[in-house]
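So the structure is just underneath, and the comments pick up after that.
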Amino acid sequence: MEYVSPEGLRLDGRRPKELRQLKAQLDVLSTADGSALFEMGNTKVLAAVFGPKPTELRSQEDEKRAIIRCEYAMAAFSTGERRRRGKSDRRATEITKAIRNTLEQTIMTELLPRSQIDIYVQVLQADGGTRCACINAAFLALAAAAVPMRDVVAACAAGYLDSTPLLDLNYMEDSGGGPDVVVAIHPNHSNRVVLLQQDNRVAVETFEEVMELAVAGCRAVADFMRGRLLEHTEALAAARAEGDAAAAAEAAIKQGSDDELEDDDY
Amino acid sequence: MASSLISGGEVEWITCGISFNCRNDGRTRDEYRPLEVQLGVLAQATGSARVRLGETDVIVGVKAEIGSPDPDRPDCGRLNFAVECSPVASPAFRGRGGDELSGELARALERSLYPGPSGRGGGLDLSALSIVSGKTCWVVYVDVLLLNIGGNLHDAVAAAAKAALTDARIPRVEVVPGEDPTDEPDYEVDDDPAQAQRLDTTGLPLCVTVSQIGAHCVVDLTTEEELCSSAALQVSVNSSGVVCGLTKRRQQGIDPSVLLEMIEVAQRAAAKLHAALGDTLAAQQEQLKAEG
């Protein structure tokens, strides 16, 4: 199986260092405190944040910081082959732990003692890079829920096939048997690594190359997410300004009619 | 279910509003919220739909796989419903928390579609899904995922399942007999979407939940309104106005005379719902065809 053509094109037509198309939408669910839909190519993930709120179980309460509860779920229709997964599926448990760990390092939990933040991630479509998309979606949902965070957290994966470092592997490339390096960083703190996972064998020099590529990918994702957050906030501010202007106009009309009444009375 | 708090004052307000035939969002007692449907939202599925009824958000994926028929019905395909309550809808659905609700919703869907012994007469003609009698058939999995709760889940789920099944394109299968008559036949699956088989979903019923609030019957409740309701009747009605299923829900009893009134209310509402869904589906399919 050829993953990189002689012209340097991958299976889906991308260049080796090209990210898939990124899309993000915020506040897509009304009940959650914050939510986001994040897409990396065909991988589509929905994240919802409930909280910060008082801890549900007193026994789990931490007097110094907020506790984070996390759950990862994959829809039965999310993969090419339909599969109904239990929530205690080992892969799901491992990914849940990875997401929780990454976000615990990002959220300023010490500012919210005795409280709890629930982060739920639902995979709608899986085409490689699901855990990265989950972390990115969760970050956006946390931002939408106004949870205080130390930094942006952005995740991206990279691999090595046909002697070429490849950025943002899709499902086919992921199953290619080459190394798969998943990285999440805090871009404004000298790219400090908050998540690092690697599958399969790789030479150390190759690993360095692939890791560097993944970090570059993370920075690109972070820039994209920051841009979307700014757009979203501007839209909210504009809507609020409209609302304020409408309320002010209404109040002016009411004031006018009150004045008229006073004139009539006297 | 997600626990919500509601005060006595709010219940009073909502109940009074309903007796004046004016609900919080301005609707009358027998009005549905606008139904938004998007078809083909999942690229890898045989058929899919996303339905929004007010704040309630449901996504359904349909997958058709080749399998073997039920020994009791050798000439029929199989239809399998599964509902999942996503934790993104509520923290109450974490772990196994959503199992009870999802089981209830899945069973409600199944029961409204029970076919006769020949596979026909139910909501969907299962004999159309047969490939080789007694050996192979299409097994159609309908997976429902609840994304957001805004009240009236059953109705939204039934509408979404119908939309997704309407969107489904089952690949055409050609049975190529082996050289020897005793050989296993070979199957050629045609991937061309233009050649795909569409399901006849005109017989699929829709669910109308009629609830009692105070002394009145109301349809399509929001989450707050559901907290004010003591009894409800779920009625499955098909596009010809025939009742295909009934389930009584919630804690209090219903007077038999009110029961008949509720069924009539449901039939009237169902007619409008079928029309609304039919229009939206037709428009969506036109759009998809135009986009190529």
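Since this is a predicted model, take the numbers as computed values, not measurements. Order of the sequence lines sets the chain letters (A, B, ...), proteins ahead of strands, with each chain counted from 1.
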Top contributor to chain B interface from A/Asn42, A/Leu46, A/Asp118 [non-hydrogen pairs under 4.5 Å]: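 Going by pairs under 4.5 Å, I would pick A/Leu46.
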
Pick from B/Ala45, B/Gly61, B/Ser48 with the largest number of heavy-atom pairs that fall under 4.5 Å of chain A: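 Most heavy-atom pairs within the cutoff with chain A belong to B/Gly61.
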
Considering residues, nucleotides and ligands other than [X], do more than 12 of their heavy atoms fall under 6.0 Å from its [atom1]?
X: A/Lys53; atom1: NZ; result: yes
X: A/Arg226; atom1: CZ; result: no
X: B/Glu65; atom1: CD; result: yes
X: A/Gln21; atom1: CD; result: no
X: A/Tyr171; atom1: OH; result: no

So which heavy atom on [X] is nearest to which on [Y], and how close?
X: B/Pro87; Y: A/Gln122; result: CD-OE1, 3.9 Å
X: B/Glu84; Y: A/Ala76; result: OE1-N, 4.2 Å
X: B/Asp143; Y: A/Phe77; result: O-CE2, 3.5 Å
X: B/Gly95; Y: A/Glu71; result: N-OE1, 2.9 Å
X: A/Ala126; Y: B/Gln44; result: O-NE2, 3.9 Å

Part of residues 22-30 of chain A lying next to chain B, heavy-atom separation under 4.5 Å: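 Those residues of residues 22-30 of chain A which have a heavy atom under 4.5 Å from chain B are A/Leu29, A/Ser30.
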
Student check: side-chain heavy atoms of A/Tyr120 and B/Pro91 closer than 4.5 Å: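 Sidechains of B/Pro91 and A/Tyr120: in contact.
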
A/Ile119 portion near chain B, given a 4.5 angstrom heavy-atom threshold: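 When you check distances to chain B, no heavy atom of A/Ile119 falls under 4.5 Å.
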
Region of A/Ser35 that comes under 4.5 Å of a non-hydrogen atom in chain B: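 Neither; nothing under 4.5 Å.
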
B/Val62 versus chain A, the contacting section by heavy-atom distance below 4.5 Å: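 Neither part; nothing is under 4.5 Å.
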
